[in-house]
Amino acid sequence: MKNMVVIVFLVLVITGVGRGEVRFVDRTEELIGQGSLGGKAAWGDFDDDGWVDILAGGALWVNDEGRGFTRLVSCGDGVMGDYDNDGYLDVFCYGSRRLWRNVGGVELEEQELGDLLPEVSRGASWGDHDGDGDLDLYVGGYEVWPDEEYADVMLENYGGSFGIRWEQELILRARGITSCDFDADGDIDIYVSNYRLLPNLLWVNDGTGVFWEEGADYGVAGDGDYDAYGHTIGSAWGDFDNDGDIDLFVGNFSHPADYQDRPKFYRNMGEDNGWRFEDVSYRAGLMWQESYASPALGDYDNDGDLDLYFTTVYEGDHAVLYRNDGRWRFRNVTEEVGLAEMGATYQAAWADFDNDGDLDLATAGRLWVNEGNDNHWLKVRLAGDGETVNRWAIGAQVRIELGDDTLTREVEAGTGEGNQNDLTLHFGLGDWDEDVDLEILWPGGERQRVNGVAVDQTLVVDWEGI
């Protein structure tokens, strides 16, 4: 990707069963044989060959150009980010407290983090917190109930080695950690999903890596009825209403007691309203299930709207795929797309592993292949210079205007509880077959336009400064 600003990397045209109609097929045994894909899932192009690989079942599986996966090494559940800016994604395993450096896309080499981390963690998120061009790490601290509990820790990257920037004073039993530049100011903010009826946290970045906790002020801490909030397991950022502002879905597990927060849709009201959020959950039409767990967002049917896949963890409950029908209304399409009767799982992550233009799903230890439709699409891979912008451009955003809608996607390294979607951005475009224009917001706040981009392709854009 050197010496080029815009590169057309791969062009593949969708063939499918008809516009709007989508089915998923379980192809796990064909793709990985008898291996296990349980636990959490993190998608990332480990060897930087244009075919996204997967960390699942505690192991890293390398993609053989969409034909199958080969197990490379066992390393634990984790999230991927290129902390040393060499162009290859490294792996942080939050559960085992181990950091693995990617050596040339061929092997993993363990790095020492020692006593920097909480002893129990269920999630973490990479992001350039202080704007120096390399990735830092926020690690959630959980508990061994009822005797021990652990504080969240923010690690700062000092040119490839890590130290504690700060450790949270309040211990709130974090589950999922997900980062996003929700106020579009060029720095990455952090949302922490806390369990046991405790408020969730929104750490707002001042641009230098100094964070202020403002969840209640921005309207996303939870309701707090009777001094109780939600059992939040995982949350996910995404622009549900295509207005160009990134909204938030909060995945609350909740017992029948009505004072406990149910799953929450928070609409970002934008710059004119100080980037505050409005609770629009009442519009969505989600059915209640007690054991909702980890959400993952993706436009599975390529119609331009972000859809919601939401797992459960109790027997008798079941994971649900909700199709976004617009205007904050969501419809249960689980059975009709072939995803019914999913077992208990915390695993949920989207990626187009076979490069055919539609999103496939890792969940419940299985790989579900999207058979596609006739809708158009665009994938965008952003690449930083490793000095001003981190190599994989985590924290960058891309916007596409389609008529009255503005489709928005962000490169994120951590979603739900300990899962990760592909770092290559995916846009469904519906029946739009004309060229599109991109607006890119890079970490640090610089904006770039790329005009006249053909649809049904993967585009790579290098950051070289403006």
Side-chain angles (χ1 to χ4, degrees), residues 14 16-17 20-32 35-45 51-57 61 63 66 68-69 77 79-80 176 234 236 238 249 251 292-303 305-313 318-324 330-373 375 377 379 409 412 414-428:
I14 290 180
V17 297
E21 300 296 328
V22 170
R23 294 282 296 180
F24 288 88
V25 177
D26 181 0
R27 293 181 54 195
T28 313
E29 292 185 7
E30 174 187 348
L31 293 166
I32 72 160
S36 172
L37 287 180
K40 312 293 177 60
W43 292 100
D45 189 356
W51 298 87
V52 65
D53 312 298
I54 188 170
L55 181 67
W61 298 79
N63 188 343
F69 291 83
D77 291 332
V79 287
M80 298 193 201
F249 178 78
Y292 277 131
S294 193
L297 307 182
D299 183 2
Y300 81 93
D301 55 358
N302 279 341
D303 68 349
D305 297 320
L306 277 178
D307 308 298
L308 167 66
Y309 180 76
F310 201 7
T311 74
T312 57
V313 292
H318 56 276
V320 183
L321 178 61
Y322 286 104
R323 183 183 187 273
N324 186 344
F330 292 81
R331 178 163 52 90
N332 184 347
V333 295
T334 314
E335 184 171 355
E336 66 190 69
V337 302
L339 294 174
E341 306 302 325
M342 203 68 65
T345 183
Y346 290 100
Q347 185 185 79
W350 296 98
D352 177 18
F353 82 87
D354 50 6
N355 282 339
D356 64 354
D358 50 51
L359 289 174
D360 310 298
L361 178 64
T363 187
R366 317 296 290 175
L367 289 181
W368 295 87
V369 177
N370 188 333
E371 294 189 323
N373 58 21
N375 286 336
W377 53 275
K379 290 163 57 178
R409 304 288 185 267
E412 57 183 3
T415 193
E417 188 198 62
N419 294 284
Q420 183 174 3
N421 296 324
D422 188 9
L423 297 171
T424 296
L425 301 178
H426 171 269
F427 294 84

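Throughout, residue positions are numbered sequentially from 1 according to the sequence presented.
- The backbone N or O of A41 lies less than 3.5 Å from a partner atom in the side chain of N419, making a donor-acceptor pair.
- When the side chain to side chain donor-acceptor pair (under 3.5 Å) test is applied to T424, no partner is found at least two apart in sequence or on another chain.
- Although no hydrogens or angles enter the test, the distance criterion places no donor-acceptor pair under 3.5 Å between the side chain of R27 and the main chain of L367.
- Applying the side chain to side chain donor-acceptor pair (under 3.5 Å) rule to T311 yields no partners; only residues at least two apart in sequence or on another chain are considered.
- In terms of the salt bridge (Lys or Arg N to Asp or Glu O under 4.0 Å) criterion, residue partners of D352 (sequence neighbours excluded) are, by chain and number, K379.
- The only member of W350, W368, Y309, Y346 that meets side chain to side chain donor-acceptor pair (under 3.5 Å) when paired with T363 is Y309.
- Across I54 and A362, no two heavy atoms sit closer than the pair CD1-CB, 3.8 Å.
- N421 pairs by the side chain to side chain donor-acceptor pair (under 3.5 Å) definition with nothing, not counting sequence neighbours.
- Contact detail for W377 and N302: the closest heavy-atom pair is CB-ND2, 3.9 Å.
- A distance of 12.5 Å separates CZ of R331 from OH of Y322, quoted to the nearest 0.5 Å.
- Closest heavy-atom contact between G414 and V79: CA-CG1, 4.2 Å.
- In plain terms, the two heavy atoms of T415 and A236 that are nearest each other are OG1-CB, 3.6 Å.
- When every heavy atom of S294 is checked against every heavy atom of G416, the shortest pair comes out as OG-CA, 3.4 Å.
- To the nearest 0.5 angstrom, E417 atom CD is 3.5 Å from K40 atom NZ.
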If you look only at distance, which donor and acceptor atoms sit under 3.5 Å apart when one is on a side chain in residues 333-342 and the other is two or more places apart or in another chain?
from : atom 1 : to   : atom 2 : distance (Å)
T334 : OG1    : L321 : N      : 2.9
T334 : OG1    : N332 : OD1    : 2.6

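- Partners of F330 according to the ring-ring contact (aromatic ring centres under 6.0 Å, His included) rule, which considers only residues two or more places apart in sequence or in another chain, are F240, F265.
- In terms of modelled atom types and a separation under 3.5 Å, the side chain of E371 and the main chain of V25 share no donor-acceptor contact.
- E29 pairs by the salt bridge (Lys or Arg N to Asp or Glu O under 4.0 Å) definition with nothing, not counting sequence neighbours.
- Annotation: the span from F69 atom CZ to L37 atom CG amounts to 8.5 Å, rounded to 0.5 Å.
- Distance check, rounded to the nearest 0.5 Å: CG of N63 to CZ of F353 gives 7.0 Å.
- For Y292, the ring-ring contact (aromatic ring centres under 6.0 Å, His included) partners two or more places apart in sequence, or in a different chain, are F310.
- A distance of 8.0 Å separates CG in D77 from CD in Q347, rounded to the nearest 0.5 Å.
- Using a distance-only test at 3.5 Å, with no hydrogens or angles considered, no donor-acceptor pair links the side chain of D358 to the main chain of N375.
- Legend: residues meeting side chain to side chain contact (heavy atoms under 4.5 Å, CB included) with D307, ordered by chain and number and at least two apart, are D299, Y300, D301, R323, N324.
- For the residue pair A293 and V313, the shortest heavy atom distance occurs at CB-CG1, 3.8 Å.
- D360 places a side-chain N or O within 3.5 Å of a backbone atom of N370 that can act as its donor or acceptor partner.
- Shown here are the side chain to side chain contact (heavy atoms under 4.5 Å, CB included) partners of A351, two or more places apart in sequence or in another chain: W43, V52, D422.
- Judged as a side chain to side chain donor-acceptor pair (under 3.5 Å), and not counting sequence neighbours, E412 has no contacts.
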